[in-house]
Amino acid sequence: MIVGIDLGTTNSLIGVFDSGFVTLIADESGQRLTPSVVHYPEQGAPLVGRPAARMRVLSPERTVFSVKRYMGRRVGEEDAKTPFRLAGEPGGPVQVAIGETRLSPEQVSAEILRKLKADAERALGCRVEQAVVTVPAYFNDAQRTATKRAGELAGLEVIRIVNEPTAAALAYGLDRLSEHTRIAVYDLGGGTFDVSILELTGGVFQVLSTNGNTRLGGDDIDASVVRHLEEECGFVVKDPAARARLLEAAVEAKHRLSDLEETVVTLPFLEEGSSREITLTRAALEKIALPWIEKTRAHCLRALADANVEPSAIEELILVGGSTRMPLVRKLAGEIFGRTPNCSRNPDEAVAEGAALQAAILEGKLTQVVLLDITPLSLGIETFGGLMNVILPRNSTIPCKAGEMFTNALPGQRSMLIRVLQGERELARDNWELGRFEIPFQPLPKGQARVGVQFEIDANGILTVLARDTSTGLEQVVTMTSAVEVSDEAVEKMLGDALENAFEDMNARVFTEARMKAEEMLPSVQKAMNLAAHLLSEEERSWIHACEAEVRGALAGEAAQPLKRAVAALDEATQGLAALVMELAMKPPSAP
């Protein structure tokens, strides 16, 4: 039996599809939500879930939470303030320090998965060895690989990784299999935000676009509420145990204010035995939360633009994630998409339900549903002249495969450097390098070597690149196990820069392509003139010389369109010369 798991920043769930419906499995205390918290006592086995969450107050330095934020991250990208200690070499993977022990985020996440696995085996009465696990849509390759690794450490084979918004849409969409529906999934959880635009037609879910931020969520609002409460108290709480109590009180108050207009926050024994009672209103909470929630607007608008869909074309707006219980979030999401959100499902459980449904599809229990995901950014290689040659364009449906044939740019070249790039800019230098490798081949005249390059992305979003010398069959196959590990803000900046610099980038590409053609043509024209200029009229020779001068002037001016026009003019002027050179080449040596 394949289980579906929502490995969340704040809470995690596990479910299974059986007897025609999804069952989310509860723990020994009857709770379906398992807090994504692990406590490491000085002696004994780790505590996971609710027992660990209670230890956040008593032993915050040995209690790890929101570890999903550090999956696949490097030192320098992690959040600065945590009750537990983070470690690692500069530029190396983030580690969690518990006393003298160093743990990877995957090891911590594995404890959560191990607990969910045990709960499922107890409830189902059988071994659980395979799982579908969800991740934020904007998790890069390193983060997805880290998630699979966490599953392996927990004794699970992760047979499919599914984007969280896509899983949620699957959970909401089963009762509309025959309709043509455009859906927006607005997923604001504890630590991540995703928005996806999907189209459902005859049981086929296709993601039209996706956008988001892997470091934006309810945790940020909680931290802002803590700062507000400290301001009300008149001092900064420094004691770790007291600060943990303060955070717990802030979270509880936020939850209550989803239903109440105001609440009293009781803060006992904060500093030197002092206690406080602070009244927090929904209006005050919304003022605190608004800057964070407003950040989601730009991601939503970008997703709509990428899908080429107007807000009025969205027929269903789905809210997912515990933070969407806040009235302010529902109001803002409805305002962006121009419709009342569909809140018919439990926002905490929809992703897990979708994961279980995807597991059922893989098991063959559901056959009328197809799930198609997409690539968030274009993938390609650097070509001669420093250009980005796109092989898999952004928003390609995955799993997918595409290839292209390349040739040697220089005579006698013995190898080709395959530099794999990700991004939306025209020049290679402005995109992210995912990796590089060389494919050797026999030295041949320019343009004679043939190297096929193939990109393949599997259902988990993992990229494999193959390069093959067609003459010898020699090939290199490289799996990109680590994508560019940058913050999601940098991903958003990449898209913004591509839009902002679109005109300049295209000019740079046009100029580069024209320059390469000009640098190839000028020597060839000179050589041809040496061979056959005497067969041309004076007018033809003057025309060619004038066009040559125009090309050289345009090269010096570094302007794209003038150079492109000059190259085209030289090409036209030398048509007759090229024909004469061809005739001379075809004549027998003895011919007069």
Full working for side-chain contact (heavy atoms from CB on, under 4.5 Å) between I418 and V453 | CA-CA 9 Å; I418 308 296; V453 177; 3.9 Å; yes

Student check: side-chain heavy atoms of L116 and S12 closer than 4.5 Å:
yes

- Query: Is a donor on one side and an acceptor on the other found under 3.5 Å between the side chain of E363 and the backbone of I2?
  - Reply: yes

Exercise. Would E548 and L570 count as a side-chain contact (heavy atoms from CB on, under 4.5 Å) if you check the C-alpha gap in whole Å, the side-chain angles of each, and the deciding distance to 0.1 Å?
Worked result: CA-CA 7 Å; E548 283 183 298; L570 179 60; 4.0 Å; yes

Rounded to the nearest 0.5 Å, the OG1 atom of T145 sits from the CE atom of M71 at a distance of 10.0 Å

Rounded to the nearest 0.5 angstrom, the CG-CD1 distance for L536 and I544 is 5.0 Å

For V551 and A518, the nearest pair of non-hydrogen atoms, with its separation, is CG1-CB, 3.7 Å

In short, side chain to side chain donor-acceptor pair (under 3.5 Å) pairs touching residues 440-454 with sequence neighbours left out are T407-R450

- Task: Using modelled atom types only, decide if a donor and an acceptor are shared between the side chain of N408 and the backbone of A449 within a distance under 3.5 Å.
- Result: yes

message: Using a 6.0 Å cut-off, check whether atom CG of N308 has over 12 heavy atoms from anything other than its own residue.
response: no

(message) Using a 3.5 Å distance criterion without hydrogens, assess whether the side chain of S104 forms a donor-acceptor pair with backbone atoms of Q107.
(response) yes

* Does the side chain of V351 reach to within under 4.5 Å of the side chain of L13, using non-hydrogen atoms? -> no

ask   = So with a 6.0 Å cut-off around CD of Q575, is the heavy-atom count from everything else above 12?
value = yes

Problem set entry | S209 side chain to A303 backbone, donor-acceptor under 3.5 Å | yes

Of all heavy-atom pairs linking V451 and F441, the shortest is CG2-CD2, 3.8 Å

One should read off an interatomic distance between W432 CH2 and L434 CG, to the nearest 0.5 angstrom, of 9.5 Å

Check: Is the side chain of E424 donor-acceptor paired with the backbone N or O of S378 at a distance under 3.5 Å, no angle test?
Finding: yes

Value for CD (Q95) from CZ (R85), rounded to nearest 0.5 Å, stands at 10.5 Å

Practice item. Decide yes or no on salt bridge (Lys or Arg N to Asp or Glu O under 4.0 Å) for E164 and K68, but give the supporting numbers first. Key: CA-CA 14 Å; E164 290 165 4; K68 181 175 176 177; 2.6 Å; yes

Quick one: does any side-chain atom of S196 pair with a main-chain N or O of L198 as donor and acceptor, under 3.5 Å? no

*Has the side chain of T101 got a donor or acceptor atom that lies under 3.5 Å from a matching backbone atom of A97?*
no

Can you find a pair of side-chain heavy atoms, one from V135 and one from Q143, that are under 4.5 Å apart?
no

### Sub-4.5 Å side-chain heavy-atom contact between E404 and N389
yes

Around atom CZ of R127, are there more than 12 heavy atoms from other residues, nucleotides or ligands closer than 6.0 Å? no

Closest heavy-atom pair, P105 versus Y70, reported as atoms and distance to 0.1 Å, is CG-O, 3.4 Å

Distance-only, no hydrogens or angles: does the E520 side chain make a donor-acceptor pair with backbone N or O of K517 under 3.5 Å?
-> no

*So, do V108 and Y40 sit near enough that their side-chain heavy atoms are less than 4.5 Å apart?*
yes

**Item:** Contact check, side chains of V185 and V320, non-hydrogen atoms, under 4.5 Å
**Value:** yes

Assess whether salt bridge (Lys or Arg N to Asp or Glu O under 4.0 Å) is satisfied between D571 and R565, documenting all intermediate values. CA-CA 10 Å; D571 188 47; R565 288 193 295 269; over 6 Å; no

Heavy-atom nearest pair, A355 first then A167, reads N-CB, 4.0 Å

So OH of Y186 and NE2 of H299: to nearest 0.5 Å the spacing works out to 9.5 Å

Review point. Under the side-chain contact (heavy atoms from CB on, under 4.5 Å) criterion, do I159 and L362 qualify, and how do the steps go?
Key: CA-CA 9 Å; I159 59 173; L362 295 175; 3.8 Å; yes

Q.
Looking only at the side chains, is there a donor atom on one of R419 and N431 sitting less than 3.5 Å from an acceptor on the other?
A. no

>> What I'd like to find out is whether the side chain of L463 reaches to under 4.5 Å of the side chain of L379, using heavy atoms alone.
In response: yes

Would T464 and E456 count as a side chain to side chain donor-acceptor pair (under 3.5 Å) here? Give the steps. CA-CA 5 Å; T464 300; E456 182 175 6; 5.9 Å; no

Rounded to the nearest 0.5 angstrom, the CD1-CG distance for I439 and D469 is 6.5 Å

For R414, I'd like to know if atom CZ has over 12 heavy atoms of other residues, nucleotides or ligands within 6.0 Å. no

Here the pair of heavy atoms bringing P440 nearest to E438 is CD-O, 3.9 Å

Paired with R160, the side-chain contact (heavy atoms from CB on, under 4.5 Å) test is passed by just one of V133, I361, T134, V132, namely V132

Practice prompt. Please answer whether the main-chain N or O of M388 pairs with a side-chain N or O of E426 as donor and acceptor at a distance below 3.5 Å.
Written response: no

Are the side chains of I381 and I391 in contact, using a 4.5 Å heavy-atom criterion?
yes

ask   = Hey, are S66 and D219 close enough side-chain-wise for a donor-acceptor pair under 3.5 Å?
value = yes

Walk me through it: do R436 and V420 pass the test side-chain contact (heavy atoms from CB on, under 4.5 Å)? CA-CA 6 Å; R436 59 172 67 193; V420 182; over 6 Å; no

From CA spacing to verdict: salt bridge (Lys or Arg N to Asp or Glu O under 4.0 Å), E152, R149: CA-CA 5 Å; E152 292 169 2; R149 174 63 179 154; 3.6 Å; yes

Correct closest heavy-atom pair for T10 and G190 would be OG1-CA, 3.1 Å

Check: Would R182 and E199 count as a salt bridge (Lys or Arg N to Asp or Glu O under 4.0 Å) if you check the C-alpha gap in whole Å, the side-chain angles of each, and the deciding distance to 0.1 Å?
Finding: CA-CA 4 Å; R182 285 198 181 96; E199 190 168 71; 3.3 Å; yes

